[in-house]
Amino acid sequence: MSNVATLASSQSEALNRRTTVAVELPEFVVRALQHRVEVTNEGATPDEVVTLNDVIEWYLVSPLSVKELPSLETAVPGFSGALAKWIFTSTYRPEEGE
């Protein structure tokens, strides 16, 4: 029997652990992000409500492309699996037209 690699490797599981990071941002950026949270949560059901963290996370992850994955996977083993899990468990959905 051959060995089969899965996206749910222990490496990708470890990469999905949450880490707190302190970041300094200009006030206008913070306000813009807070506005995005407010707009996104207008009319949202309790299951659809997002936090500032959700929005920031989306903005950081969304620019990644499939083209970058091989390089990122080489540099950070388990990255592709961690990203796949994040995509399937993410609570934030961009607005129509984004």
Side-chain angles (χ1 to χ4, degrees):
M1 217 182 235
S2 65
N3 292 333
V4 177
T6 66
L7 290 178
S9 73
S10 61
Q11 290 173 323
S12 65
E13 289 297 320
L15 291 174
N16 274 306
R17 277 185 253 144
R18 309 299 285 188
T19 303
T20 299
V21 178
V23 178
E24 290 184 21
L25 298 170
E27 185 64 25
F28 77 91
V29 173
V30 174
R31 298 268 178 110
L33 292 168
Q34 289 170 332
H35 175 72
R36 176 51 61 109
V37 171
E38 292 168 8
V39 168
T40 301
N41 287 336
E42 285 177 10
T45 67
D47 289 343
E48 296 172 330
V49 171
V50 299
T51 64
L52 180 62
N53 190 79
D54 295 324
V55 172
I56 292 170
E57 196 170 303
W58 178 262
Y59 275 111
L60 293 172
V61 175
S62 63
L64 296 176
S65 70
V66 173
K67 184 178 177 181
E68 295 173 276
L69 289 182
S71 175
L72 286 166
E73 184 66 34
T74 299
V76 183
F79 186 90
S80 297
L83 177 62
K85 182 176 180 177
W86 181 88
I87 289 169
F88 290 116
T89 59
S90 175
T91 59
Y92 179 68
R93 302 291 186 261
E95 294 178 37
E96 290 285 323
E98 281 190 23

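Just so it is clear, the values below take in all heavy atoms, side chains as well, and ignore hydrogens, waters and symmetry mates. Numbering of residues begins at 1 and proceeds along the displayed sequence.
- Evaluation of the salt bridge (Lys or Arg N to Asp or Glu O under 4.0 Å) test over residues 69-90, restricted to residues two or more places apart or in two chains, returns Glu13-Lys85.
- Grouping the Ile, Leu, Val, Met, Phe, Trp and Tyr side chains by contacts below 4.5 angstrom, directly or via other members, places Val66 apart from Leu72.
- The CG atom of Leu33 sits 12.0 Å away from the CG atom of Asp54 when rounded to the nearest 0.5 Å.
- Counting only residues at least two apart or in different chains, salt bridge (Lys or Arg N to Asp or Glu O under 4.0 Å) contacts with residues 18-29 comprise Arg18-Glu57, Glu27-Arg31.
- Taking CD of Gln11 as the reference point, atom CG of Asn16 lies at 12.5 Å (rounded to 0.5 Å).
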Candidate pair Tyr59 and Val55, rule side chain to side chain contact (heavy atoms under 4.5 Å, CB included), full reasoning: CA-CA 6 Å; Tyr59 275 111; Val55 172; 3.4 Å; yes
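- A donor-acceptor contact under 3.5 angstrom links the side chains of Ser65 and Glu68, judged on distance only.
- Leu60 contributes atom CG, which lies 7.5 Å from atom CD1 of Ile56 (distance to the nearest 0.5 angstrom).
- Scanning both residues, Ala82 and Ser12, for their nearest heavy atoms gives N-CB, 3.2 Å.
- Taking both residues in full, the closest heavy atoms of Phe79 and Leu64 are given as CZ-CD1, 3.7 Å, listed atom of the first, atom of the second, then distance.
- Counting all heavy atoms, side chain and backbone alike, Pro70 lies closest to Lys67 at CD-O, 3.4 Å.
- For Val50 against Val37, the heavy-atom pair with the smallest separation is O-CG1, 3.6 Å.
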